[in-house]
Structure formats: structure tokens, C-alpha cells
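Have a look at the structure below before the remarks.
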Amino acid sequence: MAVITYREALNQALREEMKRDPRVFLIGEEIGLYEGAYKVTQGLLKEFGPTRVVDTPIAESGFTGVGIGAAMVGLRPVVEMMTFNFALLALDQIVNSAAKLCYMSGGQYNVPIVIRGPGGPAHQLAAQHSQSMETYFYHVPGLKVVRPSTPADAKGLLKSAIRDDNPVIFIESETLYALKGEVPDDLDYIIPLGEAVVRREGRDATVIAYMGMMYRAMEAAEELEKEGISIEIVDPRTLRPMDSATIVGSVRKTHRAVVVEAGAGFAGMGSEIAAFITEQAFDDLDAPVERVTGASAPMPYAKNLEKAKTPSREKIIEAVRRVCYANGS
Amino acid sequence: MAVITYREALNQALREEMKRDPRVFLIGEEIGLYEGAYKVTQGLLKEFGPTRVVDTPIAESGFTGVGIGAAMVGLRPVVEMMTFNFALLALDQIVNSAAKLCYMSGGQYNVPIVIRGPGGPAHQLAAQHSQSMETYFYHVPGLKVVRPSTPADAKGLLKSAIRDDNPVIFIESETLYALKGEVPDDLDYIIPLGEAVVRREGRDATVIAYMGMMYRAMEAAEELEKEGISIEIVDPRTLRPMDSATIVGSVRKTHRAVVVEAGAGFAGMGSEIAAFITEQAFDDLDAPVERVTGASAPMPYAKNLEKAKTPSREKIIEAVRRVCYANGS
Amino acid sequence: MAQKTTSPRAASKGNGGRPSPDIDGELARKLLYDMMMIRRFEEKAAEAYALGKIGGFLHLSIGEEAVAVGVTSVLRTEDYAISTYREHGHCLVKGSDPRRMMAELFGRRDGLSKGKGGSMHLFDKTVNFLGGHAIVGAHLPLAAGVGFAIKYQGGDQVCVCYFGDGAVPEGEFHEAMNLSALWKLPVVYVCENNRYAMGTSLERALAQTEIWKFGQAYNIPCEPVDGMDVLAVREVTARAVERARAEKTPSLIEARTYRFRGHSMRDPAGAVYRTKEEVEREKQRDPIVLFRERALGAGLLTEADVRTLEKEVNDRIDDAVAFADASAEPPADWLLTDIFKES
Amino acid sequence: MAQKTTSPRAASKGNGGRPSPDIDGELARKLLYDMMMIRRFEEKAAEAYALGKIGGFLHLSIGEEAVAVGVTSVLRTEDYAISTYREHGHCLVKGSDPRRMMAELFGRRDGLSKGKGGSMHLFDKTVNFLGGHAIVGAHLPLAAGVGFAIKYQGGDQVCVCYFGDGAVPEGEFHEAMNLSALWKLPVVYVCENNRYAMGTSLERALAQTEIWKFGQAYNIPCEPVDGMDVLAVREVTARAVERARAEKTPSLIEARTYRFRGHSMRDPAGAVYRTKEEVEREKQRDPIVLFRERALGAGLLTEADVRTLEKEVNDRIDDAVAFADASAEPPADWLLTDIFKES
Ligand SMILES: Cc1ncc(C[n+]2csc(CCOP(=O)(O)OP(=O)(O)O)c2C)c(N)n1
Ligand SMILES: Cc1ncc(C[n+]2csc(CCOP(=O)(O)OP(=O)(O)O)c2C)c(N)n1
Ligand SMILES: [Mg+2]
Ligand SMILES: [Mg+2]
């Protein structure tokens with residue numbers, strides 16, 4: 001297993017799947033000649049040529065529709081959103097075409113498309129470029145939604161997303177592209193969609209978190225360890241389908257749960273996870289599930305305000321303490 | 001107080017506010033000459049003329065943007081979405097312009113706009129025309145979201161939405177337009193945004209529901225009354241800002257809660273309400289909050305399947321029974 | 001280069017000139033049969049709607065049959081067609097089985113989409129009919145994608161994309177035109193300009209009411225055609241399809257037609273936004289009557305032929321209705337199938 | 001009618017002809033001063049970015065100053081302007097205070113938007129500058145809305161909407177053009193065609209690379225202009241503004257310009273997608289140098305005048321940087337203010 005960056009892991013997944021299946025092609029803004037605004041598609045134009053690595057004008061709805069149409073008749077497009085913020089312009093295509101065509105046609109047509117790109121806050125990109133976009137997708141029947149936190153997951157999950165016969169929304173993070181980690185180079189290394197993973201074993205409380213928040217939770221765990229509080233960290237990896245069994249299983253063991261999400265929170269991923277944990281493990285809970293979310297505000301530009309908007313290690317630590325002392329122990 | 005339809009109540013609110021404030025104008029598809037696809041704007045073109053009742057081509061993003069731009073420089077547009085399904089085409093304008101301009105400009109510009117129209121399932125309109133759209137809006141900081149269940153609420157809430165200095169998403173229902181009810185004719189009758197209402201007093205469990213689901217809950221209440229189970233029904237009316245105090249207050253009294261929503265459920269309104277009830281009233285709960293939601297599928301066309309997709313009176317009754325017997329009583 | 005290329009001959013045909021030499025009795029029979037079949041199918045659908053056997057929205061293309069038939073008459077089965085919610089005719093003449101179509105309108109298990117799609121969402125993979133889309137403008141980029149796939153796969157099929165005049169003001173019209181022209185995709189865009197988008201007339205929707213001229217902005221071949229003249233439509237489409245097959249050149253055709261009925265069954269008269277006189281005048285240009293008279297006049301068909309065709313059509317559609325009526329509702333558990341394709 | 005209306009005179013100016021008679025020393029001084037001020041503001045911003053005092057995305061308009069200055073020179077304070085994320089110049093010459101602008105870039109409490117917007121989201125209500133929008137194409141419909149409001153309120157202001165060539169393929173370009181033309185809204189659309197959208201050249205983005213010609217599709221006045229010639233831009237804009245004021249006629253102007261720097265500070269060279277030679281060649285058309293030489297040649301300014309202007313500009317921008325540096329970060333509780341306007 002080689003140690004490579006998250007960016008390289010994605011690049012490998014794309015290259016391997018393009019080699020494996022001639023129906024796979026890439027389409028999006030600046031992915032070819034420019035090799036990707038974030039260089040995820042580096043070298044692919046040279047290797048596969050302009051028919052399979054297609055640079056587009058700025059027309060998100062148009063080229064996403066092109067991907068969906070091509071998928072209906074047998075191709076397997078991987079559409080890049082330069083950043084997922086721009087997917088709002090293509091949302092009707094994703095929700096009303098990609099997600100519904102299989103159902104509306106009674107199964108005659110399916111749409112094997114992957115829509116990928118970075119989402120979530122980065123560094124001082126302000127309100128229009130820092131949105132946690134998964135919330136627009138995971139409630140839509142007919143879509144699968146992935147948020148990979150590590151280089152290995154990025155590769156294994158992107159490969160299964162490309163092999164999946166249905167629309168998959170695959171949201172990366174600009175802040176993780178440079179992250180390094182061990183990544184299997186086996187050509188058939190894939191991670192099935194819909195399987196959460198326990199990132200860290202623990203006794204006293206379960207923290208559910210993904211992407212940057214998962215790393216904050218890890219830092220919080222170190223800190224809490226010193227206080228003798230041992231937390232288990234579960235990373236859903238796939239938000240839809242959601243692996244509630246693994247999450248609930250962990251909570252049944254620890255009896256306490258904290259859900260962390262970078263987004264603004266209201267009716268977000270944390271709400272859903274808190275709700276199903278409570279439904280399925282009510283009698284095992286020693287404290288109400290705590291939600292740690294981003295402040296409910298657009299993302300400000302100023303560095304200090306941006307920092308204040310995003311859930312911090314400290315906020316996670318406090319929430320864990322609350323659930324642990326909530327039962328008076 | 002006259003007894004009028006939900007449709008007439010909306011029409012009254014529009015007429016009264018247009019008379020009251022010359023900056024208020026209406027814009028949308030078929031609202032003038034055709035008097036509204038659902039006749040909500042009946043008579044208004046004749047009364048106020050084409051400058052204030054503006055028929056548009058089919059260009060949702062364009063005319064929504066026109067409304068936002070006009071609002072930035074002093075007008076108070078009421079944009080009609082023929083049905084809210086089409087708002088997906090204008091979502092970028094709503095989320096990235098309307099909801100963020102006040103914040104991004106540091107309060108220099110605000111956007112007093114109302115975007116209204118019918119949303120949710122109607123009768124066999126199939127997957128693209130039957131979506132519960134509120135889920136795309138209520139998590140967005142900078143937006144207010146209203147779902148009025150009665151003619152009186154429709155009028156009182158639309159009037160405050162129009163008087164509000166911020167973007168308000170106002171989602172009606174095709175299935176309620178013909179509903180009759182008593183509606184105050186006082187010109188200054190308004191219902192403040194952010195206030196829930198107790199539709200029915202009860203002892204044993206609280207059911208939170210709005211729009212069509214609220215009426216299903218009422219039927220369920222009648223039925224349950226016969227079994228000696230008395231339920232309280234709370235209608236949030238405004239989803240954002242959410243009046244959690246009223247909801248939690250009711251649950252503190254009944255110790256049990258069932259949340260009903262027409263939508264597909266995953267990370268929906270029900271998830272949020274269940275989550276905050278549990279956070280704020282954990283020790284008062286005798287049973288986990290139950291969620292009754294629509295099936296997680298696109299809306300099918302066939303009558304029997306459409307019926308099966310939507311939460312029924314029976315499903316609500318079963319859920320209430322579950323929470324009531326959950327504590328073994 | 002983009003230019004108005006309607007030949008005088010094609011134009012003159014619009015004025016009732018003789019069928020061109022390449023029309024023989026068999027083709028005349030086929031064209032008339034197809035137009036009559038669409039008409040009959042929709043008349044019967046309207047009856048069923050009145051009886052409550054069809055629900056939701058039902059949009060009829062009565063008066064516009066010459067577009068679907070003229071266009072499809074130059075297509076091959078392996079060519080693709082994609083359309084709006086007013087697609088019965090497009091789907092039917094592409095070769096779909098009226099029985100399964102009617103069953104879909106009835107919301108029954110034997111419908112093309114197992115009853116899950118309804119009138120607005122007809123799909124038939126066996127004849128490459130790609131739907132049945134009800135978000136105005138949204139299927140234009142899909143058509144470009146189909147054209148992209150044809151080119152990618154090295155095929156010589158074309159994709160025909162039908163859309164209404166109401167889709168032209170939508171951003172996706174512009175995006176699809178630009179991408180198709182920029183990438184040279186084998187797509188024939190056929191605008192069925194019936195002069196109204198629900199109650200909104202062209203003049204109230206577009207700064208440019210000569211829709212075909214938009215093609216000039218993208219430097220693609222574009223032309224208007226009399227959409228009530230099945231032979232004119234056939235000829236114009238034949239040119240566009242040939243360009244698409246041979247050179248992968250997209251085209252924009254504006255077929256000028258008229259809907260005799262309201263926008264949908266909920267707008268029966270369609271009289272708020274247009275005058276009775278206008279509707280009556282347009283009905284004089286009934287594409288079926290026009291073509292039948294010309295075929296009779298040219299001796300391509302006899303009165304007897306026409307009666308036979310009528311009988312065949314009526315029997316076929318009656319059988320379709322009977323089939324739909326006899327089909328059961330979809331089983332309850334189908335609510336949760338087909339959301340995803342299980343690999 | 002839509003037509004290319006650039007007069008030979010205007011065109012010849014592009015080739016360094018004499019300033020037209022209506023230019024006196026004062027105006028020449030003003031035009032040069034404004035262009036130099038934009039240039040200096042952005043050079044200093046680039047320095048601050050390198051020092052980490054400015055974060056996020058920073059897009060410089062160096063090389064494109066003649067467009068902002070030529071256009072704004074015919075506007076009144078009560079006229080509106082709206083732009084993209086590459087808006088420093090548009091905001092500055094509209095009359096905004098460089099100190100508060102720089103403070104905004106620094107993310108400080110004294111910034112125009114209290115530090116919440118940053119470089120991409122400059123707004124200044126005191127001079128009717130409507131932002132600073134970073135979703136490509138999204139502000140075009142907003143401009144139409146401003147034009148709608150002007151007409152509604154019976155005013156005679158105009159709204160200038162700056163956008164890049166990259167916005168043209170977006171659906172909202174089409175929707176905004178059609179609505180503005182259909183409703184006759186007093187909006188002047190100024191496309192700053194610098195031939196690239198990030199790394200994508202015009203030819204790879206548009207089937208129609210003569211952007212001004214899109215105006216013809218909507219039947220609105222449209223013309224191209226040498227965007228490196230501040231006087232030519234001024235003249236073309238003057239005509240468009242006049243039409244908008246007097247007849248509420250929208251216009252589409254294609255200003256042909258070039259960005260000397262990369263797309264943003266993260267694409268410093270901008271050399272992957274264009275050759276060094278091309279960049280060097282274009283730099284020979286530096287709009288500031290061109291105009292300075294012409295003004296000197298025409299005897300409108302002396303070398304001394306120019307030195308004085310340089311000094312004034314430098315002092316003003318240095319002061320702006322000092323002001324921004326001295327301004328504190330926004331207080332923590334501002335995170336939750338301005339989400340809504342409290343009535
Ligand atoms: C994006 C969108 N906006 C609005 C509607 C509602 N709607 C359905 S059909 C229609 C009119 C379309 O007219 P046209 O494109 O001319 O087609 P025609 O009905 O005349 O065949 C409208 C406004 C829709 N389905 N989709
Ligand atoms: C809708 C959308 N898509 C993509 C982007 C990313 N992006 C930012 S600027 C830009 C290029 C725009 O080029 P152009 O319009 O020519 O303006 P220029 O930068 O040349 O001034 C792109 C693709 C965006 N901000 N918004
Ligand atoms: Mg039409
Ligand atoms: Mg550019």
C-alpha cells in the first residue's frame with residue numbers, strides 16, 4: 001500500500017475505472033487542459049484524450065443534463081462540479097431527471113452517473129463558496145450520497161460510485177485534497193456504498209462525524225482521553241444509504257451520542273442521525289443525543305468569524321462532557 | 001368574519017397589501033391574463049394593471065432574479081411559482097442571492113421578497129409535480145419558511161410575509177385552495193411569523209403536523225378519542241423560524257410526541273422536530289418521538305400507489321398508539 | 001452557415017401544392033394512418049379522463065399530429081426521440097404499442113412504466129423513446145447528452161428533441177443549443193410552436209418571436225416550416241436528419257402548428273387567452289384533413305382506402321382502451337421498486 | 001433594430017487616433033487618475049495577499065481598467081452598477097472609498113460589508129454599487145430587476161451590469177437578455193470579454209464568439225468596442241446609457257479586453273492556457289499607457305501633471321492600506337447579525 005494524497009487517490013480511482021470501462025468519461029469545467037481547478041483530474045486528458053475528458057463552458061445545468069442523457073443511453077459519466085456550490089444551478093437536472101428517470105420509466109432507463117467535486121467550507125471563500133451542500137441531496141429518493149473522509153475511502157468509494165448503476169453524489173473537500181494516507185493499489189479495491197466505519201474504539205460515548213469534523217472529533221478524543229473519557233468515533237462515509245445499524249450498535253454500547261456536522265444544522269444530517277438513534281436506542285440512551293453544528297449563518301469572509309462559525313474541537317469536547325455527565329455520574 | 005376559501009384568503013391578502021403599499025407587485029407565470037394557474041391572483045390584473053401584476057415567460061431563475069434585484073432597490077415583489085417544483089430552477093437565486101445579500105453586504109442591502117405558490121402532492125401529478133419542497137429551504141440561513149394550513153392562517157401569514165423585510169418562502173397547497181374557513185377581514189389582521197398554534201387540546205400525546213397532514217391528524221384524533229386516547233395537535237405554521245417553545249411545552253405536558261410529514265422523511269422536518277424535542281424534553285418523554293413520513297420513493301402516478309406513498313390517518317393512529325403504550329401502560 | 005433554407009417547393013407545399021414525387025400510395029397511407037391514430041388515441045384518452053379513468057394532467061396534441069408524423073417518418077427505430085409531457089403522438093408513431101401506452105395513462109400494471117409515470121412520463125426503451133419530461137426545458141440538455149453518446153459510441157443515429165415555444169425563454173434552451181453547436185452533436189431540435197405556452201402567447205414571452213432565428217446565434221442550420229403540412233415537415237426534417245447523420249450537425253426546426261384543444265384537460269376551452277375565431281380559423285388547417293384531401297386529389301388514396309384506414313385505427317385504439325381497462329392496478333409493493341436499478 | 005453601430009471614428013480611436021473634441025484636460029486627468037487608482041489599488045491588494053493579510057480568492061482586473069473607467073465616466077451617482085467577483089475597479093470608480101474597500105479585502109470591521117463579504121462581495125449602497133456576485137451569470141437577472149424597479153418607480157437612472165465572457169454560456173444570460181429586451185428595461189449589459197473564463201478560451205466555450213451578436217437574437221442594440229481604449233468605451237457606453245434613459249432600451253456591449261494577471265492569485269501566471277507571447281503582446285496595449293501617451297500627445301496633460309497624479313494615487317492607496325491595517329477584526333457577535341434585517 002502506497003501513501004498518497006486524497007487528491008491522488010481520487011485521480012487513481014478515475015484513471016483505473018476509465019481504463020477498466022470504456023463507457024466511463026469525465027465532463028466538467030477546467031478538468032482537461034487546466035487539469036482541474038483542484039488538480040484532481042491531472043494527467044487524464046493527456047492519457048485519455050478529449051473524447052473522454054471533456055472541458056465544458058460554464059453551464060452547469062447544461063453539462064449535467066448532457067451527462068444524464070448520455071447515461072440514459074449507455075455511457076457512465078463522471079461529472080465534476082468545480083465546487084458543489086454550483087450544483088444548485090443543476091439541481092433540477094439532478095433531482096427531477098437523474099433521481100427520477102428510473103422510477104418514472106418503470107425501470108426501463110437507469111442513470112449511472114457520478115457527480116463529484118469539493119463541497120463545504122474551505123478558507124475565507126465567503127458565503128457563496130463555502131456551503132455544506134449534502135443537505136440538498138440526501139433527502140432525495142433516487143440519489144446516493146457519499147462523503148469520504150480519508151484517501152483510502154476516497155478511492156474505494158469513488159470506484160464503487162462509478163460502478164454503481166444509479167446516480168451518486170460524491171462530495172469531497174478542498175481542505176482534504178492534500179491529506180496523505182495509505183491507499184491500496186489493488187485494481188479491484190472498492191468500498192461498498194452504505195457502510196459506516198468505526199474510526200476509533202471507545203467506551204463512554206459515540207461521536208458520529210465525517211470529513212473535517214471527523215478529524216476534529218479525533219483531536220477531541222485525544223483531549224478527552226486525558227480526562228479518562230473514552231469516545232468511539234463512527235464515520236458514516238455514505239450518507240445515503242445510511243448505515244444506521246453500525247451507528248446504533250455503537251450507541252447501544254456507549255449509551256451516549258454526539259453528532260457533529262459542519263453545516264448549519266437545522267434539519268440537517270445531525271437531526272436525522274439524532275432522530276434515528278433515539279428511535280432505535282431510546283432505552284439504551286443515558287442522555288439525549290447532542291448535536292454540534294455550524295452556526296446558523298451564511299459563511300462570513302473574516303477569518304475570525306469564519307472560525308467561529310465552524311464547529312471546533314472545544315465544542316465537541318463540551319458536548320461529550322455534557323452527555324457523559326448528563327446522567328449525574 | 002366571513003367564511004371564504006383558502007384561495008380567496010390568499011387573494012385578499014395580496015389585494016390588501018397591494019392597496020396598502022404601492023411598492024408591492026406580483027410577478028410570475030400566468031398570474032395576470034390567465035388569473036393564475038390556480039386562480040389565486042384572480043381579478044388582480046384588472047384591479048392593479050400590468051405594471052403591478054406581471055406575467056412572465058417560463059424562466060424561473062430569470063424572473064426570480066428580477067424580483068430579487070427589484071427588492072434590493074426598494075420594491076416588495078411577490079413572486080409566484082406556478083408550483084414550487086419549479087423553484088428548483090431558481091434555487092441558486094433564492095439561496096445564493098436572496099438569502100445571502102443582506103449578510104454579504106453587511107446589512108446594506110436587504111431583500112424583502114415573498115416567493116409563494118403551491119407545493120406538495122396533489123392528485124396523480126406524478127414524480128416531477130408532487131414534491132414536498134420545503135426541505136430545500138428551511139435549512140438555509142437567511143430564509144423564512146411558511147406553510148399555512150387554514151384560510152385564516154393563509155391570509156394572516158401572507159400579509160406578514162409581505163410586510164417582512166426579508167425573503168420569505170411561502171408554500172401553499174393545491175389540495176387546500178378550495179378549503180373554506182372563517183377569515184378576519186380587518187385590514188391589519190396579521191399572524192406574526194414564527195408562532196405555532198395548538199389546533200386541538202389533548203392529554204396523552206402531542207402530534208405535530210401541518211397542511212394536509214394536520215387534517216389527517218385531526219381525523220386520527222377523532223378516532224383515538226373513541227379509544228380514550230386524547231391527543232393534542234400542534235401546527236408549527238412557520239417552519240423557519242421554528243416555534244420550538246410551543247411544541248416542547250405541549251410535549252412536556254403530554255410526555256409523548258408523534259411528528260407527521262408528507263415528505264420522504266430522511267433528514268426532513270420530522271427529523272428536526274424529533275431531535276429538538278428529545279434534546280429539550282428528554283426527561284419528560286415516556287416514549288421516543290415517533291415520525292410518520294411519506295414513503296421514501298418518488299411520487300408514483302398510479303392512484304393506489306400514490307395513496308400508499310402518503311401518510312394515512314391509520315399510520316398516524318398506529319404511531320400514537322405506539323407512543324402511548326410504549327411505557328407499558 | 002445558419003440560414004433560412006426552406007426551399008420554395010417545400011413552402012409551396014404548405015399552400016396545398018401536390019405531394020412531391022417521392023410520395024407513393026403506401027407512404028401516403030402510412031402518414032395518414034399515423035396521424036389518424038394519434039388523433040383517435042387522444043380522443044379516447046379524453047373520454048377516459050372524463051370518466052375518471054385517467055387522472056392528473058392530460059395534455060392533448062390534437063391539431064399538431066403532422067409534426068410528430070412528418071418528423072418520425074424519416075427516422076429509424078434505432079434513432080432516439082425525446083419529448084415533453086405532450087408526447088402521446090411522438091411516442092406512438094415512434095412505434096410504441098398503444099395498448100401499453102393507454103394502460104400507462106390509466107395507471108395500470110401493464111403500462112409502459114408499470115403505471116408509475118402516467119401521461120406525462122411515457123418511456124419506451126424498445127423503440128428508443130426517451131420520455132416524457134414535465135419540467136419545461138429540462139430535456140433539451142438530455143437530448144444533447146444523447147447526441148454526445150451517439151458520437152462517443154461512433155454510431156450514426158440521431159436524436160430528435162421535441163419541445164414547445166414555451167421552453168425557448170428558459171436558460172436550458174440556450175445551454176443546450178450552445179453545447180450542441182459547440183460540440184457538433186447529432187441532435188435535431190424540433191420546436192412545436194403552437195403560439196401559446198399555456199395562456200402566454202409568443203409575443204408576451206419572447207423578444208424574438210421567429211424562434212428558428214435563434215439558431216443563427218449559434219451558427220447552426222435552422223428554418224421554420226408549416227407544421228400543419230406533414231410533407232413539408234417530412235422534407236425539412238429529412239434534411240436535418242441527413243446533416244446530423246453525415247456531419248453530426250445539429251439543427252433547429254421551428255414547426256408552426258396549433259393546438260386545437262386547451263393546454264390540458266383542466267383548460268378545456270383554452271379560450272381566455274385566444275379568440276374563438278382564431279381557434280376556428282386554425283381548425284380549417286387541420287393537418288389530417290389537409291393531407292387526406294391532397295392524397296385523394298393526387299390519386300394516392302381512394303375514399304375506400306380512407307374508410308379502411310379509419311376502421312383499422314378505430315379498432316386498434318378501441319382494443320388499446322379495452323386492454324388498459326382490463327389491466328390491474330400495480331401491486332402495492334411496486335411503490336418501492338425501480339427507485340434504483342439493482343445491479 | 002439590432003446592428004453593429006460602432007462608428008468609424010470610435011473604431012479609429014482604438015488605433016490611437018486623437019481624443020475626440022469633447023475631451024478636455026480635466027476629463028483626461030480624471031480618466032487617467034481613475035485607471036491608475038484601480039491599478040494601484042490592485043497592486044497593493046496583491047502585495048497584501050502575499051503577506052497573508054487578504055485571504056480566500058482575489059481576482060485582479062489589471063489590464064481591464066479602461067472598461068470600468070470608460071463606462072463609469074458617463075454614469076451619475078444615482079445610476080446603479082452591479083458586477084462579478086472581479087469588481088474592485090467597478091466599485092472604486094463608482095465612487096466608493098478605497099479605505100473601506102481595502103478594509104473589506106482585509107476582512108476588517110471597517111470594511112464596506114463589515115468584513116463579512118471580502119474581495120468577491122463588495123457592496124456600497126452610498127454610491128449605488130450593488131455588488132460583488134460570485135456565481136457566474138447569477139447577477140444578470142438581478143440587473144434586469146433593478147432596471148424593472150427603475151421603470152416601476154418612474155426614474156431615469158440606468159443599471160450597468162458587468163459580466164465576463166464566461167457568463168455567456170450560462171442559461172441566466174439568455175433569460176436576462178430576453179426579459180430585458182421583452183420588457184424594455186434600462187439596463188446596459190457590459191461584457192468584459194477578456195477571452196478566457198479561467199483556463200477556457202472563448203472558442204472552447206461558445207458556438208458564437210462574437211458575443212455582441214447575441215444581442216441581435218433579442219433585437220436589442222449591441223456592439224463590440226476596443227476595451228483597451230477608454231475613450232471608445234466611453235463613447236459606446238454614452239450612446240447605450242442615453243438610449244436606456246430616454247427610451248428604456250437595453251443594450252449589449254462587448255468590450256474586448258485582456259487580463260494581464262492570472263484568473264486569481266491562485267493562478268498567478270495564467271500560463272497553462274495562453275502563451276507568454278500572447279500575454280506580452282497584449283501588455284503592449286496597456287490601457288493606461290495608451291491613454292497617457294495620447295493625452296500627452298494631444299497636449300491635454302503634461303509630464304508634470306502625470307507625475308502629480310501618480311503621487312496623488314499612490315498616497316491615497318497607501319493611506320487606504322494603512323487604514324485597513326489599523327482596522328480591527330469584526331467582533332465575534334457579528335457572526336450572527338445581518339442575517340436578517342430587523343424591522
Ligand atoms: C420549469 C417549468 N415551469 C413551468 C411549468 C408549468 N407548465 C407546464 S406546461 C407549460 C407551458 C409550456 O408551453 P410550451 O412549451 O409552449 O408547450 P405546449 O404546452 O404549448 O405544448 C407550463 C408553464 C413546468 N412544467 N415547468
Ligand atoms: C456558476 C459558477 N460556475 C463556476 C464558477 C467558478 N468560476 C469562478 S470565475 C470563473 C470564470 C469566469 O470567467 P469570466 O466570466 O470570463 O470572467 P473573468 O474571470 O474572465 O473576469 C469560474 C468558472 C462560479 N463561480 N460560478
Ligand atoms: Mg406552446
Ligand atoms: Mg473572461
Side-chain angles (χ1 to χ4, degrees), chain A residues 60-61 85-89 91-97 99-104 126-128 131 134-136 138-142 239-240 242 259 263-276 278-283 285 287-291 295-301 326, chain B residues 60-61 85-89 91-97 99-104 126-128 131 134-136 138-142 239-240 242 259 263-276 278-283 285 287-291 295-301 326:
Chain A
E60 286 76 10
S61 184
N85 300 284
F86 316 137
L88 282 180
L89 289 156
L91 199 65
D92 176 73
Q93 284 292 356
I94 297 168
V95 171
N96 277 317
S97 299
K100 294 184 172 66
L101 285 172
C102 188
Y103 198 79
M104 294 195 302
Q128 294 182 327
Q131 305 170 88
E134 58 265 46
T135 174
Y136 293 96
Y138 46 53
H139 60 78
V140 181
L239 303 183
R240 198 83 194 265
M242 169 63 68
V259 194
F266 189 90
M269 201 64 248
S271 319
E272 175 61 29
I273 295 173
F276 73 67
T278 311
E279 281 165 358
Q280 298 176 40
F282 190 67
D283 298 332
L285 279 175
V289 179
E290 283 262 351
R291 289 182 289 168
S296 187
M299 180 62 78
Y301 165 75
Chain B
E60 287 77 10
S61 184
N85 300 285
F86 316 138
L88 283 180
L89 290 156
L91 199 64
D92 176 74
Q93 285 291 355
I94 297 168
V95 171
N96 277 318
S97 300
K100 294 183 170 67
L101 285 172
C102 188
Y103 197 79
M104 294 194 303
Q128 295 183 327
Q131 305 170 91
E134 58 266 47
T135 175
Y136 292 96
Y138 46 52
H139 60 78
V140 181
L239 304 183
R240 198 84 194 264
M242 169 62 68
V259 194
F266 189 91
M269 202 62 247
S271 320
E272 175 60 30
I273 294 174
F276 74 68
T278 310
E279 280 165 0
Q280 298 175 40
F282 189 68
D283 298 333
L285 280 175
V289 179
E290 284 261 352
R291 291 182 288 169
S296 187
M299 181 62 78
Y301 164 76

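By convention in this document, chain letters (A, B, ...) are assigned in the order of the sequence lines, proteins followed by strands, and residues within each chain are numbered from 1. All values derive from a computational prediction rather than experimental measurement.
Taking all atoms of both residues into account, the shortest heavy-atom contact from A/Pro288 to B/Glu279 is CB-CA, 4.2 Å. The nearest pair of heavy atoms linking B/Phe266 to A/His139 is O-CB, 3.2 Å. Nearest heavy-atom pair across B/Asn96 and A/Gln128 is O-NE2, 2.7 Å.
Side-chain contact between B/Val95 and A/Gln131 is present, with heavy atoms from C-beta onward closer than 4.5 Å.
When the candidates A/Ala274, A/Ala267, A/Ala297, A/Ala275 are compared by the number of heavy-atom contacts under 4.5 Å with chain B, A/Ala267 comes out ahead. Note on B/Met104, B/Glu290, B/Met299: by heavy-atom pairs under 4.5 Å with chain A, the leading option is B/Met104. Highest contact tally toward chain B, considering only A/Thr135, A/Asp283, A/Ile273, A/Leu91, is held by A/Thr135 [criterion: heavy-atom pairs under 4.5 Å]. Contacts with chain B were tallied for A/Pro300, A/Gly265, A/Pro298; A/Pro298 has the most, counting heavy-atom pairs under 4.5 Å.
Heavy atoms of A/Gln280 lying under 4.5 Å from chain B are absent altogether. Residue A/Ala264 touches chain B through its side chain alone, counting heavy-atom pairs closer than 4.5 Å. Both the backbone and the side chain of A/Arg291 have a heavy atom closer than 4.5 Å to some heavy atom of chain B. Only the backbone of A/Leu239 comes within contact range of chain B, with heavy atoms under 4.5 Å apart. With a threshold of 4.5 angstrom between heavy atoms, A/Val140 approaches chain B through side-chain atoms but not through N, CA, C or O. If you measure heavy-atom distances from A/Phe276 to chain B, the contacts under 4.5 Å come from both the backbone and the side chain. Contacts of A/Tyr136 with chain B are made by both backbone and side-chain atoms, with heavy-atom separations under 4.5 Å.
Once rounded to the nearest 0.5 Å, the distance linking OH of B/Tyr103 with OH of A/Tyr301 reads 14.0 Å.
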